[in-house]
Amino acid sequence: MRPLHYLDTARLGQMTPAAKDAQLDFVRLSAEEPSSLYFEQFLRDGFSAWPAAYQERFPGLHTWTGVSGLKHSIRQLVDAPDDWQVLFANRSLSLIHLATRCLFRACRNVLVTDLSWPTYLHAIEHRASRTGNRITTAAIRTNILQAGWSSTEVAACLAEAFTRNQCDGLFLPAVDHLGIRLPIREIIEQIQSRNELRFSLIDAAQAFCHVPLDDCLSCADFIVAGSHKWMGAYLPTGIGLFGKRRSREMISHRLRHLGGTHAIEDPLLQFTEQIESGRLDGHSETANLTSLFACAGAATDLLSTRHTRDENELPRINDLIQTMRMPSAEWQPVLPKDSLRTRIVLFESHVPSTQHQCVDAIRQTWLDAGYVITAYPRARVRASMPNMEPHTAE
Amino acid sequence: MAKSKSALHWIPWLTHPLGVALAGCGAVFLGWLLLPPSGAIAVVGLLVSILLGLTVANSHRAATASVTSHLETPFVLARDAAMFQRYRAMSESLLAASRNPDPIYREIALEHFDELNRQATTIASGTFVFEGTETWRILYERLLRSPGLHLYRSVAWVKNENYWQDEPGRKSMAVNFELHDAELLNIERIAIIADELWPLSEVWPVEPLRQWLQQQHSRGLWIKFVRESALSKEPELIADIGIYGSRAVGMQELDDDCCTVRFTLTFHQARVTEAESRWTRLAVYAESFASYLDRYDMP
């Protein structure tokens, strides 16, 4: 039997060892002592604040350093400055909702692209119409994948669309779900050279722990990411980052205002903000905290192996593709220009019989060849390349 | 009596339903008598089209106030119950006044009616003027809260530290915050700041003006600011105005103590377009509070 290569991280990443240990021990804790005298202190201050007896019984939770500690780890993971704020939510969509509330306080017309995740796009459209504002969509995917646009061409196109449509806000994915990496800094700099950019929101769900986020941190007002893909926590936790001086106070005010009016619909977001500030509201909805411990475990693993990982190793992608044993020769990679590439690679087949196959049949074909991938209609396959060279088949 | 330039007035009988009906019947009878069946059908069709056209033209003419004769006025106004009620009340007042034979009373009454007329003419042109009072703020709040209004753009000409710091000003700002926080209204403000409140040598305007601006920025209002001297080449941009969506524009004139001398609110579309154009020009000179924060530390 061929070894199985897991290439579906862009959908759901494999759980890291420390995340698994934390998860297992948290499940044991839930079964044995779900609400102890020390639990709130443990949540706030971490494993070290627990009595020794508990530490001995649940050693897998040693990676939990409290809400503040986890926030610190997230900042370390992306090299964010210490004064950047980190938010946790049960769903990243809750953070998108918060971010769009901020976006449309400042902006009247937000530029988006056809690379955006449809659920997020829908949330933005909804918020725009509710607040009497609008969005403008620029279609760039075909030009990137078929016409081979460079990062300069992408930036010029978006800057031109921004100016022509008199936009003042921006919503972009740092990496889209099919693996296109947008040159965020270049785009924003080009836009700002000609226009007033009031607020930029970046979807980093596919970028977090996959490619460096320096560009986003240098110019974005709000970044939304998640723990269940490239971070390797498996359980989803929405992660929000903000800290630009121009918008920090406004976002904090919005968060406080929504919390004060009970308008935050995400219990984890509400709970983590309250426990950190020491203002726990006894009447708030019970939050599911499980994902936080897995998130802390994954963060510990990633930080400890940081020196061995190279998020800039993209030139090796071609070599990795060469080593793959495809189900058949009909599958060809569809690669954007080098500067727009990531470890997510799209494969296409133009064979008519394959094009009519359902996604489950395509997944099965690839599984038979030893690869777990994401399949899309019209014979498209997404493979998330691992960080190290994959084992050759057999 | 105002004369209509409509072509219908040159054929007066065409404006009467009976005349139109008789003309149509005559034409159909002649068509039936003289033409083959298909020709008769064509004539009937043509007449129906003409009659429909005339009906639309008549109704359009009736709706256009400028061509309404004084005798037609009550009939046209009757379509608008609220306005008709006012028309009746004013007519009754005029009738009552005209019954009083006292010449002195008549002289004074006519002067007052002339003044009322002037006010009515201003209102009819879409403009309201409030002098020496802060009561305009009631109307201001009503406008900001009106359904369908999503954007309020305000130019604040800050001549001294007292600007909007009195009780009515603070209440108006509270309404701004309430509506903006509730996401019912988007608010943008450009502050034109007198140079003595923001000396060229200073990065930030004086306190508490800076705090006033920062508070609005923190609440999410889009704030821009500019020194008054930067607008010396375009002094017509220096004014205290508010643009309510694309519906109305208000202009506030203040005395040296920042109390309202006059507030003019107009719904005249041309004035609103003009104000929007001024807003766009002014925005070129002003810098946003957000981008200023990118460059400078807060004191």
Side-chain angles (χ1 to χ4, degrees), chain A residues 83 97-110 124 126-134 166-170 188-189 191-200 218-222 242-264, chain B residues 144-153 174 176-190 203-204 210-211 213-226 243-247 276 279-280 282-299:
Chain A
D83 59 353
H97 286 156
L98 169 66
T100 54
R101 282 172 181 271
C102 299
L103 181 72
F104 286 113
R105 289 303 71 220
C107 305
R108 308 285 83 87
N109 184 8
V110 173
I124 288 193
H126 175 71
R127 183 63 52 192
S129 75
R130 266 193 71 160
T131 54
N133 295 304
R134 63 198 171 104
Q166 296 180 308
C167 297
D168 49 16
L170 193 62
I188 290 183
E189 281 176 359
I191 285 174
Q192 284 180 323
S193 69
R194 284 188 270 166
N195 308 276
E196 178 179 76
L197 174 59
R198 297 183 178 182
F199 197 94
S200 50
S218 69
C219 42
D221 291 288
F222 203 111
F242 67 93
K244 296 272 297 171
R245 280 206 309 210
R246 56 183 294 130
S247 50
R248 182 165 49 202
E249 244 189 292
M250 187 264 271
I251 298 169
S252 296
H253 169 80
R254 202 90 212 114
L255 191 58
R256 279 196 307 274
H257 173 76
L258 294 171
T261 55
H262 303 284
I264 292 179
Chain B
L144 292 189
R145 290 186 188 280
S146 61
L149 184 79
H150 290 294
L151 179 61
Y152 170 52
R153 286 166 288 182
N176 277 208
F177 288 153
E178 178 205 326
L179 295 173
H180 195 77
D181 277 344
E183 298 179 19
L184 296 170
L185 188 64
N186 303 302
I187 302 178
E188 302 185 4
R189 179 161 287 127
I190 300 177
V203 170
W204 293 99
R210 182 200 59 80
Q211 286 174 34
L213 295 170
Q214 190 195 343
Q215 188 190 22
Q216 295 175 67
H217 163 79
S218 305
R219 304 288 285 251
L221 279 71
W222 188 250
I223 299 296
K224 296 181 90 166
F225 53 162
V226 57
I243 308 170
Y244 307 86
S246 288
R247 183 190 288 179
E276 286 178 328
W279 170 272
T280 309
L282 183 58
V284 174
Y285 289 96
E287 180 169 0
S288 72
F289 200 89
S291 69
Y292 214 66
L293 281 173
D294 280 342
R295 297 196 290 130
Y296 300 108
D297 286 324
M298 202 72 87

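Convention: sequence-line order gives letters A, B, ...; per-chain numbering from 1.
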Exercise. Going by the side chain to side chain contact (heavy atoms under 4.5 Å, CB included) test, name the single residue among A:Leu170, A:Thr100, A:Ile251 that passes it with A:Phe199.
Key: A:Ile251
Exercise. Give, as side chain, backbone, both or neither, the part of A:Arg127 having an atom under 4.5 angstrom from any heavy atom of chain B.
Key: side chain
Practice problem: Let me know if A:Phe104 has heavy atoms under 4.5 Å from chain B in its side chain, its backbone, both or neither. | Solution: backbone
Quiz item: Which residues pass the side chain to side chain donor-acceptor pair (under 3.5 Å) test with A:Gln192, sequence neighbours left out?
Solution: none
Quiz prompt | chain B interface, residue from A:Met250, A:His257, A:His253 that has the most non-hydrogen pairs under 4.5 Å | solution = A:His253
Exercise. Not counting sequence neighbours, which residues clear salt bridge (charged side-chain N to carboxylate O under 4.0 Å, His left out) with A:Arg246? List them please.
Key: A:Asp221, B:Asp294
Quiz item: Out of curiosity, A:Ser200 OG to A:Asp168 CG, how far, rounded to the nearest 0.5 Å?
Solution: 12.0 Å
Practice problem: Quick one: which of B:Ala290, B:Ser288, B:Gly148 has the most heavy-atom pairs under 4.5 Å with chain A, could you say? | Solution: B:Ala290
Quiz item: Above 12 or not: heavy atoms from other molecules or residues under 6.0 Å from CZ of A:Arg130?
Solution: no
Quiz prompt | Per-residue contact mode, B:Leu151 against chain A (heavy atom under 4.5 angstrom) | solution = side chain
